Novice: 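Supplied in structure tokens, the structure appears directly below.
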Amino acid sequence: MLRHIILYGLYLRANWLSLMQYRLDFAVKNISGLTLNLVLVAGVGIIFSRVGEIGGWSFHQVLFIYALGMVCRAVWHLLWVDTLSIGLLVRRGGLDRLLVRPLNPLFQIMAGYLDDDDWGELLVGLVGLTVAGRELGLVEHGGQVLLLGLFVLSGALIYSAIHLAANTTAFWLVSARSLDLLAWELDNFSRYPLNIFGTGIRFLLTWVVPYGFAGFYPAMAVFGETRWALLGWATALVGLGAFALAYRFWLYGLASYQGTGT
Amino acid sequence: MPSCLIEAHDLTREFRVAETPEGFLGGLRGFLKPRYRLVQALAGASFRIDRGEAVGYIGLNGAGKSTTIKLLCGILAPTRGRVTVAGIDPHRRRLENAGRIGLVVGQRTQLWWDLPVRESFQLLRRVYRVPLAAYRANVALFHDLLDLGSIWNTPVRLLSLGQRMRADLAAVFLHDPPMVYLDEPTIGLDVLAKAAVRQFLKEINRTRGVTLLLATHDLRDLALTCPRVLMVHRGRILYDGGQEELLGRYGQEVQVVAELERQAPPFTLPGVSVLRQDAGRLEVVFNRRSVPVAAVLAAVTESCPVRDLSVREADLESIVQRLYGGDRR
Ligand SMILES: Nc1ncnc2c1ncn2[C@@H]1O[C@H](COP(=O)(O)OP(=O)(O)O)[C@@H](O)[C@H]1O
Ligand SMILES: [Mg+2]
């Protein structure tokens with residue numbers, strides 16, 4: 001365990017050094033990312049300038065849910081987005097290189113890349129979370145902040161689990177792109193209060209592709225909203241459970257890895 | 001310590017390849033009910049490799065070299081048969097095996113693309129748990145043997161193919177693996193870079209006793225490095241023996257092809273076999289040690305008017321043909 005923590009730190013450092021080889025790229029991508037995310041959040045504000053509430057939630061509550069969703073997604077995207085590239089590694093045989101090293105290949109995948117273009121989402125999400133949290137009195141003391149940190153990590157883990165599972169199908173399906181894309185598109189729903197959607201989508205986002213736990217449910221726990229608080233408190237468990245399941249599936253897929261010809 | 005390092009018995013690997021039917025409807029059918037074809041990449045290979053050996057693994061494209069190496073590295077599981085490397089099953093105990101081997105694949109790097117070479121080495125040191133003293137000694141040695149110093153601080157993406165191969169070679173030997181697999185390491189390199197690779201392999205095998213399995217379809221890779229040769233063809237081991245014997249017997253063969261102006265009387269010359277003769281063409285083969293090339297050329301041009309003449313040295317393809325077809329004359 002300690003070995004893996006140290007190695008994770010070393011990999012992060014290497015990834016950061018790699019990013020800094022392309023400083024200008026990095027700056028341009030993140031400025032445009034920042035702008036895009038600001039526009040998205042402004043969109044929430046614009047809706048609330050017309051209506052007083054959405055699904056029973058005030059502006060600051062919706063902003064809180066939205067921002068929590070952004071931070072969960074950004075942490076996944078920045079640290080572990082390569083769970084999304086596993087399909088490619090499988091189809092192109094890049095996995096071979098990872099399999100001949102004395103280190104868990106999934107660890108190598110998840111530690112091996114730091115994203116360059118999603119720092120804007122993280123920043124906007126954190127600011128949104130702070131602004132809304134203050135207004136709602138939800139980030140008053142260290143304990144609350146720590147709890148939010150735990151929820152964010154769990155949410156990022158859920159993202160990883162979903163993409164890991166979707167991409168693992170590449171071991172059997174030659175064209176698994178459709179599943180990856182579905183997983184990618186569905187996360188759009190995770191930032192909105194789930195109760196504004198119909199039962200079908202709610203069920204889907206809770207029990208099948210549990211993006212609901214990467215924003216909405218943990219926010220409910222923090223709000224003390226009795227209808228969903230129980231699910232909210234289970235967020236960390238769901239995160240670990242989902243990842244454990246996806247990991248089992250990945251191991252199962254790995255056993256039938258064929259590689260590519262020549 | 002037993003001297004046998006690798007033991008492969010009836011090693012077989014099949015691949016399932018999805019058939020893609022034509023057209024839209026076909027594509028739909030393929031998606032709903034995929035059909036598979038089995039490709040047998042390795043068909044019952046058995047061999048042993050002792051510690052400290054340097055073995056050349058030759059075969060044409062698609063013969064099964066890479067598949068064998070992937071099985072030995074534990075990347076793939078065999079469909080049938082078994083293999084042990086230093087007493088363990090490399091697929092079942094992949095992580096354990098991985099710490100004791102190295103794999104070089106031509107034109108694919110295992111280094112961090114955007115980082116200077118030295119950063120990759122420092123990471124690999126931690127991944128393979130190389131003690132600092134051993135690390136320093138090895139890096140110093142590779143500075144000598146591979147001129148690492150000139151590329152030590154250069155990002156990998158800026159290296160030429162030859163420089164990158166030097167860095168990759170050093171990286172793979174960094175943790176003193178007892179076994180190193182090389183899959184076409186010289187492919188695409190220029191003459192000088194090829195020579196550097198061969199020289200280094202010979203040196204490291206001699207001084208460190210590292211066991212090498214070198215897959216290639218370039219016979220020149222063998223000369224310096226590999227006293228023993230395994231030849232694979234269509235997934236089967238066709239030859240297992242000395243390099244001298246193989247090249248001495250078949251490597252000296254020369255083939256002469258003549259385009260003829262018109263029909264000529266049947267060609268004969270002691271020590272020369274006619275592979276084919278018809279109205280427009282004459283093909284003969286002979287051993288240059290027993291019959292001089294010049295004598296054959298003279299005899300051919302004398303026996304009939306020749307429009308064009310070409311001389312082909314033995315290469316892997318002709319050797320495979322001879323071994324596979326047997327001595328059909
Ligand atoms: N992952 C794979 N899927 C399907 N066919 C494969 C795969 N790997 C190898 N093959 C096939 O198996 C045969 C042997 O391939 P390979 O071992 O790569 O040959 P070599 O390395 O000697 O060129 C070839 O016909 C190749 O197309
Ligand atoms: Mg090959």
Side-chain angles (χ1 to χ4, degrees), chain A residues 2-23 25-26 89-108 111-114 116 169-179 251 254-262, chain B residues 13-18 20 27 30-31 34 39 41 61-62 65-67 69-70 72-77 90-92 94-105 108-116 119-120 122-129 155-158 172 175 177 181 183-184:
Chain A
L2 181 64
R3 165 172 149 84
H4 285 83
I5 293 171
I6 293 173
L7 279 173
Y8 193 77
L10 292 170
Y11 269 77
L12 270 187
R13 174 176 168 277
N15 297 335
W16 180 254
L17 291 179
S18 301
L19 275 194
M20 287 303 105
Q21 297 270 327
Y22 305 93
R23 280 165 208 266
D25 245 50
F26 183 79
L89 282 175
V90 171
R91 281 186 286 274
R92 299 213 180 134
L95 205 53
D96 291 4
R97 189 169 51 95
L98 307 182
L99 290 174
V100 293
R101 285 198 183 133
L103 192 57
N104 185 314
L106 187 60
F107 175 89
Q108 294 182 64
Y113 182 77
L114 189 61
D116 58 349
T169 55
F171 284 113
W172 303 280
L173 305 174
V174 188
S175 50
R177 289 302 307 168
S178 42
L179 267 180
L251 286 182
L254 195 57
S256 59
Y257 177 55
Q258 286 217 113
T260 51
T262 35
Chain B
R13 173 69 210 207
E14 287 166 355
F15 291 107
R16 261 172 22 132
V17 182
T20 24
F31 181 76
V39 174
N61 280 330
K65 301 182 296 295
S66 299
T67 303
I69 287 187
K70 287 177 194 171
L72 298 185
C73 287
I75 293 170
L76 299 179
H91 183 70
R92 292 228 181 94
R94 200 188 65 241
L95 282 185
E96 195 180 335
N97 180 62
R100 312 198 286 218
I101 63 163
L103 169 65
V104 179
V105 181
R108 279 199 182 186
T109 183
Q110 60 150 330
L111 305 170
W112 275 256
W113 192 243
D114 287 317
L115 294 184
E119 296 286 343
S120 287
Q122 280 156 15
L123 265 172
L124 289 172
R125 171 171 102 73
R126 307 303 283 261
V127 171
Y128 286 93
R129 304 182 224 228
V156 172
R157 67 166 193 283
L158 300 181
V172 129
H175 58 287
Y181 305 96
D183 193 351
E184 315 235 17

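Just the heavy atoms: all of them, side chains too, but no hydrogens, waters or symmetry mates, feed the values below. Below, chains carry the letters A, B, ... as their sequence lines are ordered, and counting in each starts from 1. All values reported here derive from a predicted model rather than from experimental measurement.
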Novice: Picking from Gly94(A), Gly112(A), Ala255(A), Ala14(A), which has the most non-hydrogen pairs under 4.5 angstrom with chain B?
Specialist: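 Highest number of heavy-atom pairs under 4.5 Å: Ala14(A).
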Novice: Could you state the interatomic distance from CZ (Arg125(B)) to CG (Leu10(A)), rounded to the nearest 0.5 Å?
Specialist: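 Separation between the atoms: 9.0 Å.
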Novice: Counting only heavy atoms closer than 4.5 Å, note whether Tyr22(A) contacts chain B via side chain, backbone, both or neither.
Specialist: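 Just the side chain, heavy atoms under 4.5 Å.
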Novice: Taking every non-hydrogen pair under 4.5 Å, which of Arg157(B), Arg100(B), Lys65(B), His91(B) racks up the most with chain A?
Specialist: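 Of the candidates given, the most pairs with chain A belong to Arg157(B).
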Novice: Specify which of Pro102(A), Gly259(A), Ser18(A), Ser256(A) makes the most heavy-atom pairs with chain B at under 4.5 Å.
Specialist: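 Between Pro102(A), Gly259(A), Ser18(A), Ser256(A), the count favours Pro102(A).
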Novice: With a 4.5 angstrom heavy-atom cut-off, is it the side chain or the backbone of Leu98(A) that approaches chain B, or both, or neither?
Specialist: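 Neither part.
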Novice: Restricting to salt bridge (charged side-chain N to carboxylate O under 4.0 Å, His left out), what partner residues turn up for Glu14(B), sequence neighbours left out?
Specialist: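 Listed in chain order: nothing, the list is empty.
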Novice: Select one option (side chain, backbone, both, neither) describing which atoms of Pro155(B) are under 4.5 Å from chain A's heavy atoms.
Specialist: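 For Pro155(B), the side chain is the part near chain A, not the backbone.
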Novice: What closest approach, in Å, do Ala98(B) and Leu99(A) show between heavy atoms, and which atom pair accounts for it?
Specialist: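 In terms of heavy atoms, the two residues are closest at CB-O, 4.3 Å.
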Novice: Of the backbone (N, CA, C, O) and the side chain (C-beta and beyond), which part of Arg97(A) lies under 4.5 Å from a heavy atom of chain B, both, or neither?
Specialist: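 Just its side chain gets close to chain B.
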Novice: Just by modelled atom types, is the Arg16(B) backbone N or O under 3.5 Å from a matching donor or acceptor in the Gln258(A) side chain?
Specialist: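 Yes.
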Novice: Leu254(A) versus chain B, heavy atoms under 4.5 Å apart: side chain, backbone, both or neither?
Specialist: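 The side chain, not the backbone.
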Novice: May I ask you to name which of Val39(B), Asn97(B), Leu115(B) has the most heavy-atom pairs under 4.5 Å with chain A?
Specialist: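 Of Val39(B), Asn97(B), Leu115(B), Leu115(B) has the most heavy-atom pairs under 4.5 Å with chain A.
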Novice: Where do Asp114(B) and Gln21(A) come nearest, in terms of heavy atoms and distance?
Specialist: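 Taking Asp114(B) first and Gln21(A) second, the nearest heavy atoms are O-CD, 3.3 Å.
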Novice: Count the heavy-atom pairs under 4.5 Å between each of Leu95(B), Ile75(B), Thr67(B) and chain A, then report the option with the highest count.
Specialist: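 Winner by heavy-atom pair count: Ile75(B).
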Novice: Side chain of Arg3(A), backbone of Val127(B): donor and acceptor closer than 3.5 Å?
Specialist: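 Here the side-chain-to-backbone pair exists.
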Novice: Measure the spacing between CD1 of Ile69(B) and CG of Asp96(A) and express it to the nearest 0.5 Å.
Specialist: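 Here the interatomic distance stands at 11.5 Å.
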Novice: Can you name the closest pair of heavy atoms from Arg101(A) and Gln110(B) and give their distance?
Specialist: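 Arg101(A) and Gln110(B) have their closest heavy atoms at NH2-O, 2.7 Å.
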Novice: Against chain A, label Ser120(B) side chain, backbone, both or neither, depending on which of its atoms sit under 4.5 Å from a heavy atom there.
Specialist: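 Contact with chain A: none, neither part.
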Novice: What part of Leu17(A) lies closer than 4.5 angstrom to a heavy atom of chain B: side chain, backbone, both or neither?
Specialist: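 Both the backbone and the side chain of Leu17(A) come within 4.5 Å of chain B.
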